[in-house]
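Okay, so here's the structure we're looking at.
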Number of protein chains: 2
Amino acid sequence: MPKQDVLIVSRGEAEPCASAVMREPLTVDQAADLAKVFKAIGEPVRLRLLSLIASHAGGEACVCDLTGAFELSGPTISHHLKVLREAGVIEGDRRGTWIYYRVKSDTLRLLSESLAPAQDVAVTA
Amino acid sequence: MPKQDVLIVSRGEAEPCASAVMREPLTVDQAADLAKVFKAIGEPVRLRLLSLIASHAGGEACVCDLTGAFELSGPTISHHLKVLREAGVIEGDRRGTWIYYRVKSDTLRLLSESLAPAQDVAVTA
């Protein structure tokens with residue numbers, strides 16, 4: 001199986017697959033894939049960027065909307081956005097001069113569910 | 001306000017406080033505190049340890065239950081357990097020879113809720 005098939009992140013038409021951290025032991029591959037995403041958001045600037053994008057009017061934001069919140073250069077912000085995009089927690093598309101970023105809700109939902117205590121998931125499943 | 005008051009992790013009798021990553025921009029302090037916890041679980045061995053403990057019979061496990069799953073030394077496993085404990089995602093208490101570790105469900109629930117898309121939280125709140 002190609003490595004990308006075990007990613008928790010839904011790709012294209014693939015069915016999202018929640019890693020059940022709290023319900024059964026993760027496999028080595030599941031842990032590696034999931035840890036990459038948690039590592040990507042385990043950085044304060046990236047977590048703030050994610051939060052700013054998610055809560056921005058219309059659910060999307062361009063770099064021009066984000067840089068004002070940080071004392072960081074544009075290229076540094078762009079680097080962090082790239083890490084978030086590569087981890088599959090945001091996606092972006094270019095319109096005119098700017099790339100507009102949105103949170104990938106499916107990925108965030110899978111991350112959220114992977115950490116939910118087993119009894120919570122049982123109630124809401 | 002002392003720094004520990006803004007930690008997302010419940011300490012002692014303090015009320016747990018979910019950081020709403022998806023609903024409003026995180027403050028600098030909220031992002032720093034939350035990122036520390038995601039960084040702690042953003043490592044494959046630690047994520048597997050967390051998962052093994054959470055899914056172990058009785059909801060707790062000692063190092064003796066965990067080392068067999070890894071080709072790592074006891075001290076390395078203990079180091080990773082210490083990082084998880086310091087991040088507030090597990091807790092342990094000594095009984096006889098061994099320390100028994102349990103997942104801190106309140107912390108995991110807060111992490112889970114912090115990443116839930118806004119509409120999901122609105123439905124379950």
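Throughout, a chain's letter reflects where its sequence line sits, starting with A, and its residues are numbered from 1.
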- Going by the side chain to side chain donor-acceptor pair (under 3.5 Å) test, which pairs reach into residues 45-56 of chain A, not counting sequence neighbours?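 Checked against side chain to side chain donor-acceptor pair (under 3.5 Å) - neighbours excluded - the pairs reaching residues 45-56 of chain A are A:Arg46-A:His80.
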- Task: Apply side chain to side chain contact (heavy atoms under 4.5 Å, CB included) to the pair B:Phe38 and A:Leu115, showing each step before the final yes or no.
- Result: CA-CA 11 Å; B:Phe38 285 127; A:Leu115 293 177; 4.2 Å; yes
Side-chain heavy atoms under 4.5 angstrom apart, residues restricted to Ile, Leu, Val, Met, Phe, Trp, Tyr: same cluster for [X] and [Y]?
| X | Y | value |
| --- | --- | --- |
| B:Ile77 | B:Val103 | yes |
| A:Leu84 | B:Val28 | no |
| B:Val89 | B:Ile99 | yes |

- Query: Looking only at heavy atoms, which two atoms of B:Pro44 and A:Ala35 are closest? And how far apart?
  - Reply: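 The answer is N-CB, 3.5 Å.
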- Message: So, taking the atom named CG in B:Leu108 and the one named OG in A:Ser114, what distance separates them when rounded to the nearest 0.5 Å?
- Response: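 Going from CG on B:Leu108 over to OG on A:Ser114, the span is 9.0 Å.
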- What residues of residues 58-72 of chain A sit under 4.5 Å from chain B when only non-hydrogen atoms are counted?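 Within residues 58-72 of chain A, no residue comes under 4.5 Å from chain B.
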- Item | Residues B:Met22, A:Leu50; criterion side chain to side chain contact (heavy atoms under 4.5 Å, CB included); working and verdict | CA-CA 8 Å; B:Met22 297 300 126; A:Leu50 179 64; 3.8 Å; yes
- Between A:Val45 and chain B, which part of the residue has a heavy atom less than 4.5 Å away: side chain, backbone, both or neither?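 Answer is neither: A:Val45 stays 4.5 Å or more from chain B.
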